[in-house]
Amino acid sequence: MQQPRFPLRTQRLLLRPLEAGDTDAVHAYQSRADVCRYIPYEPRTREQVAQWIGSDRVRTVVDTPGQAWLLAVIVAASGVLVGDVMLQWTSREHGSGELGYVFDPSHHGSGYATEAAGALLRLGFEGLDLHRIVARVDAGNGASAAVLRRLGMRQEAHLVQNEWFKGGWSDEFDFALLADEWRAR
């Protein structure tokens with residue numbers, strides 16, 4: 001079982017489990033079509049965001065493969081919620097996990113996604129003792145691919161038209177990082 005001491009702190013950010021009081025801030029970006037373009041869900045209503053935040057998917061403890069941390073990303077200096085990040089433990093046998101994130105576009109370009117995702121890599125490798133963490137992004141989402149490259153993740157695949165996604169065939173880039181590579185950084 002892994003129960004980190006929340007909030008996780010980085011140089012500029014606090015990461016903690018999403019809570020009911022985050023609904024309006026999360027809805028502000030998860031309701032936008034441009035934000036949802038590259039992620040599985042469509043723009044969400046305030047009620048859908050509140051239901052998602054209140055679901056059993058938001059956890060403080062991850063103790064079984066298939067579970068994930070869904071964390072709010074807060075700018076420490078201002079208290080502003082700028083996005084949310086996810087680390088899912090995908091397999092005990094293979095020691096694997098998956099990283100994901102979504103940020104309010106008004107905070108793009110500030111390095112918050114890289115900083116928050118880096119904290120989740122640390123949590124996965126040092127907290128869950130994972131062997132490998134992957135991230136999957138739409139090939140059209142160059143900004144997200146750049147975040148993963150800045151983190152030292154290696155692009156391992158370009159899957160061509162691998163998924164019918166939001167009305168068209170979508171290409172996917174798959175990135176990965178191994179624990180040994182993380183420790184060698």
Side-chain angles (χ1 to χ4, degrees), residues 1-91 96-128 130 133-138 141 143-144 147-148 151 153 166 175:
M1 173 172 58
Q2 173 62 324
Q3 183 173 6
R5 175 171 271 156
F6 292 112
L8 302 177
R9 297 177 184 274
T10 68
Q11 183 178 349
R12 302 175 295 162
L13 304 172
L14 304 173
L15 282 69
R16 59 153 173 78
L18 289 157
E19 53 193 42
D22 298 331
T23 299
D24 289 333
V26 173
H27 177 253
Y29 59 89
Q30 286 194 3
S31 63
R32 295 176 53 154
D34 60 331
V35 170
C36 296
R37 167 64 186 99
Y38 297 118
I39 52 183
Y41 53 81
E42 295 295 332
R44 291 176 166 166
T45 65
R46 186 183 186 289
E47 293 72 29
Q48 288 171 320
V49 171
Q51 183 178 32
W52 176 68
I53 290 174
S55 74
D56 63 357
R57 291 206 49 194
V58 176
R59 316 180 59 81
T60 57
V61 176
V62 168
D63 56 7
T64 305
Q67 295 176 340
W69 282 292
L70 301 171
L71 305 177
V73 179
I74 312 290
V75 177
S78 66
V80 173
L81 188 152
V82 296
D84 58 87
V85 292
M86 179 274 304
L87 178 64
Q88 182 176 17
W89 184 14
T90 55
S91 171
S96 59
E98 183 170 350
L99 173 70
Y101 45 84
V102 60
F103 281 80
D104 185 323
S106 64
H107 299 282
H108 285 180
S110 60
Y112 295 148
T114 304
E115 191 171 329
L120 286 189
L121 289 173
R122 182 178 317 106
L123 180 59
F125 290 128
E126 298 175 12
L128 281 176
L130 296 177
I133 298 176
V134 301
R136 295 173 173 85
V137 299
D138 188 289
N141 191 347
S144 189
V147 166
L148 300 172
L151 290 166
M153 296 186 83
K166 298 189 177 183
F175 289 82

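Interatomic distance, L8 CG to L14 CG, rounded to the nearest 0.5 Å: 9.0 Å. Note that CD of E42 is 4.5 Å distant from NZ of K166, once rounded to the nearest 0.5 Å. Taken to the nearest 0.5 Å, the CG atom of L87 stands 12.5 Å off from the CZ atom of R122. Atom OG1 of T23 is separated from atom CH2 of W52 by 10.0 Å, given to the nearest 0.5 angstrom. Taking CZ of R37 as the reference point, atom CG of N141 lies at 9.0 Å (rounded to 0.5 Å). Rounded to the nearest 0.5 Å, atoms CG (L13) and CG (L81) are 10.5 Å apart.
Residues L130 and W89 have side chains in contact (heavy-atom distance under 4.5 Å, counting atoms from C-beta outward). At a threshold of 4.5 Å between non-hydrogen side-chain atoms, the residues V35 and R44 do not count as touching. Side-chain contact between R46 and D24: present, with at least one pair of heavy atoms (C-beta onward) separated by less than 4.5 Å. L99 has its side chain within reach of L148: a pair of non-hydrogen atoms, C-beta onward, lies under 4.5 Å apart. Contact annotation: the side chain of P17 approaches that of L71 to within less than 4.5 Å [non-hydrogen atoms, C-beta and beyond].
Minimum heavy-atom separation, I74 to R16: CD1-NH2, 3.7 Å. The minimum heavy-atom distance between G124 and I133, with the atom names listed, is CA-CD1, 4.0 Å. Scanning both residues, D22 and A72, for their nearest heavy atoms gives OD2-CB, 3.9 Å. Between V49 and Q30, the shortest heavy-atom contact is CG2-OE1, 3.8 Å. Listed here is the closest heavy atom pair of S31 and P43: O-CB, 3.2 Å. Heavy-atom minimum distance, A117 versus L151: CB-CD1, 3.5 Å.
Between F6 and W69, the ring-plane angle classifies as perpendicular under the 30° and 60° cut-offs.
Side-chain atoms of Y101 and S144 include a donor-acceptor pair closer than 3.5 Å.
Heavy-atom contacts from other residues, nucleotides or ligands closer than 6.0 Å to CD of Q51 number 12 or fewer.
In this structure, the side chain of Q88 engages the main chain of G66 through a donor-acceptor pair within 3.5 Å. A donor-acceptor pair under 3.5 Å is formed between the side chain of T90 and the backbone N or O of S96.
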